[in-house]
Each structure stands twice: as C-alpha cells, then as structure tokens.
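Shown next, in structure tokens, is the structure this report addresses.
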Amino acid sequence: MNTEDFDILKTGIDYLDNAATTMKPKSVIKAVTDYYKEYTSNIHRGDYNNSIRADKEYETTREKIREFINAQSKEEIIYTNGTTNGLNIVVFGFMQHYLKPGDEVIIDQAEHASNSLPWIVLSKKIGFKLVFAPLDKDYKLTVESIKNCITPNTKVISIAHITNTIGDTRDINNIGKLCKENNILFVVDAAQSIAHTKIDVQEDNINFLAFSGHKMYGPTGTGILYGKKFLLEKIQPIEYGGDMNTEFSSTGDYSLKELPTRLEAGTRNIAGVIGLGAAIDYINSIGLEKIHNYEISLHQYLLEQMKQIPNIKIYNPSTQGTIVLFNVDKYFSQDVAIYLNQLNICIRAGNHCAKMLHEVIQDNSTCRISLSFYNTKEDIDKVVEALRNQDKILDTLV
Ligand SMILES: Cc1ncc(COP(=O)(O)O)c(C=O)c1O
C-alpha cells in the first residue's frame, strides 16, 4: 500500500526491519529539505520572516501531535530526541524526586532497554523495588498479571504498549483503569505502537507517553514526551540552557519559562520537528485504522507462510501485529540475516535491545521480521522463498 511514496523502496530492497526504523515518504523529505533550502533559521529568537515561518511550522507540529494522541493541551507535548530521551526525562527528571525507598514500580522482562535500564539504575540509587510482572506462556503481558503484582506500595506501572520482540499489544485501556483506581502513575512506551494503532492518552489514562519520530515515518533525532500538565510541571529539567529560562544572574538566581519550553533547552531539531509534522499529515492522509487493518492482514499472511517452512521456530505465533520473531533451526540468527542481506532482504537479528527477554524465551538471539503498510505480499513471498532455501545459508557464509 502507498509504496510509490517511498523512493528508497525503488532501490530494490525488501525492507522488513520496520521496528528498527521506518522509511520516510517524499512529503517528509520535502518538508525537511524545504526548511533547509528556503527558511533555515532558529526558532523563538528571530524577528525576521524566515524565523517567524520556522516558529510557525515548529509549533504547528505540536498541535498536530496533540490532536494525534488526544492530549488536552499543546503544553503537554514536549519535543525530545526519541523514546529513550523521553523515558529518561520521566525517570530522572520526575521519578527520581517522586519515588522513595520501599515504593514499587512494575515493569516486565520484555521491555526494551529504554524502559528498563533507567528504572534499574534509579532503583539502585533510591532503593525502590522493581517488580517484574510475569509474562504468560506465549510471552505476552496480560492485565491479570499486572493486577496480581499491585500492592499498596505500587507507585508506577511502566510498560511498552507494543513490544519490539513478541510484538503483543498490551491492553493499555484496562491497565490505565487499574492505575486510576489504585492511584498509580501510568507510563507508556509507545515506540512500537504510535505508527500502527490509535492511542488516546485521556481515554487510556496515561500519565506519561514517549515515542520516536523515526519509527512513524518521521526524521531521526525527533521524539515526543507527553505528560499530564500537572506532572510535567513537577519535572526538574535534566538539561538547562538557552530558550528554557526567563532570567538568571551571577547571584545564582534563575527562573524558568512555562511548559513546554522549560523542558526544551537549547536549539532543538527544528528540521526534524517540521518533518515530523509532515509525517503526521501523511499518516492522517491514509488513516491509522486503514494502516492497522492492512498490516494485520499482511502479518497474518506472513505468519501462515512461515508456519509452513520446515525447521523454523516462531516465538510469537499467536501475536497479532507486525512482528514475527523466529530462528532457523541450527543457524545463528545473524548468519540468517547476513544470508538474507545477500538477497537484498533487510531483517534484524540479535537481542533487539530487550536483553532480559532471553531469561524467559531461553534464547539469546533471534531473527525479527517487522512489517509496515508499504510492505507487500511480494516482499513476504521473497523472504519466505529465501527461508525455504535455508540450506543455502551456509553457502553464503563460507
Ligand atoms: C519498545 C521500544 N522502546 C524504546 C525504543 C527506543 O527508541 P529510540 O531508540 O528511538 O529512542 C525502541 C527502539 O527500538 C523500542 O522498540
């Protein structure tokens, strides 16, 4: 679907690594190059036309994002450089001052490093307890599992909406309800879901949400941290510098601007933010629901084909989504990826930055195919055919 909007796909690659990053449509590339070619300037600082235009485009993206996730106000949308940055701001700018020894934070073993390592580091520093909600027999995280972990000491639940390995979609609506009932802060890592399924931060009772622009057809180095306004106001910035202050003096007095600028120190990725605005327009022009439905049917097709190939172990055969995690019999996952690369097929191999998952699935390294709406049945047929010819893997390596 819409493959023609992506010049890079005309180079002949079979790109099946969309959980790592997505391709950029022409309109996003144009928005970025227009800024560089026609009105490069800084924002919030210039009294001339190019700067005023950059200001306008930059702030328009904020409104587009607000609408996209249904935040209450534009002040709740903070520009970051990605999901990792957003989650670190939550953990070290907010939680570091909020959590006390004896408190409990619930995560799980399928979380990406961005939503586990900051918590691990902070729990060592503060002495709160990190509780790992058990995954079920299919390595999915259920509402029931989370419910069973909640105690009077639970202060935060921080989970991926969709993980980048098993790819299961967590029921954030019901988990959000649980959080509300129990006075727990709900942090959602939306890196893998934002481009694939609808998120409504108010409806889902989300307190903090982080995602990356590059995984939603936007430029690298862009991201969003959403937070409810009263919580964002309590964040102690982890960066201080230009634009975010109102005044400071050699006596040590200083004051900071209002949200969102107080959390956006220095010159941000202006071109990237403008490109992100174009990415939102692009997604809206197709429709998230249409994207979602197409991807689900393509994934179903992939799964059916893969299940028929001998010697393939699929770790998430019951997951509905865009990701298939697998290994080919005796072959090391990276060897499989190298073999597929010879055929111009791009997949990911390794631990996928989810370094605790092997404690559960008992394999350190897996292959991952992750789809997007611009993939086609032909893309799938190509990788399936290559995996059927798995005896050629060794030939390409020696
Ligand atoms: C579930 C999940 N969370 C967080 C991240 C981190 O995203 P970024 O590297 O863009 O900060 C990723 C990246 O793959 C991810 O898949």
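Ligands are counted one by one from 1 in listed order, and the atoms in each one are counted from 1 as well. This structure is a prediction, so every number in the text was calculated from the model and none was measured. What's counted below: heavy atoms across the whole structure, side chains too, no hydrogens, waters or symmetry copies.
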Ring center gap for Tyr39 and Tyr48 short of 6.0 angstrom: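 Ring centroids of Tyr39 and Tyr48 are no less than 6.0 Å from each other.
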
Under a 4.0 angstrom heavy-atom cut-off, which atoms of ligand 1 come close to [X]?
X      : answer
Ser212 : 7 (O), 8 (P), 10 (O), 11 (O)
Ala191 : 2 (C), 3 (N), 4 (C), 5 (C), 12 (C), 15 (C)
Asn164 : 16 (O)

Nearest-0.5 Å distance, CD1 of residue Ile106 to CD1 of residue Ile157: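 If we round to the nearest 0.5 Å, Ile106:CD1 and Ile157:CD1 are 4.5 Å apart.
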
Spacing of CD1 belonging to Ile347 relative to CD1 belonging to Ile345, to within rounding of 0.5 Å: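 Rounded to the nearest 0.5 Å, the CD1-CD1 separation comes out at 8.5 Å.
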
Whether Tyr374 and Phe6 hold their rings parallel, tilted or perpendicular, with breakpoints at 30° and 60°: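 Tilted.
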
I need the nearest protein heavy-atom contact for [atom]: residue, atom name and distance, please.
atom                    : value
atom 3 (N) of ligand 1  : Asp189 OD2, 2.5 Å
atom 6 (C) of ligand 1  : Ser114 OG, 3.4 Å
atom 9 (O) of ligand 1  : Thr84 OG1, 3.7 Å
atom 15 (C) of ligand 1 : His112 CD2, 3.3 Å

4.0 Å heavy-atom contact, Thr163 with ligand 1: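 The answer is no: ligand 1 sits nowhere under 4.0 Å from a heavy atom of Thr163.
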
Hydrophobic cluster partners of Met244 (side-chain heavy atoms under 4.5 Å):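 Via sub-4.5 Å side-chain contacts, Met244 links to Tyr240, Phe248, Tyr254, Leu256.
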
Listed partners of Thr246 passing side chain to side chain donor-acceptor pair (under 3.5 Å), at least two apart: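 With neighbours one apart ignored, the set is Ser255.
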
Close N or O approach (Asn85, ligand 1; < 3.5 Å):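 Checking ligand 1 against Asn85, no N or O pair falls under 3.5 Å apart.
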
Option among Ile206, Asn207, Val201 that satisfies the side chain to side chain contact (heavy atoms under 4.5 Å, CB included) test with Lys228: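 Answer to the side chain to side chain contact (heavy atoms under 4.5 Å, CB included) test with Lys228 among Ile206, Asn207, Val201: Asn207.
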
Shortest heavy-atom approach to atom 16 (O) of ligand 1 - which of Lys215, His161, Gln192, His214: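 Heavy atom nearest to atom 16 (O) of ligand 1 belongs to Gln192.
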
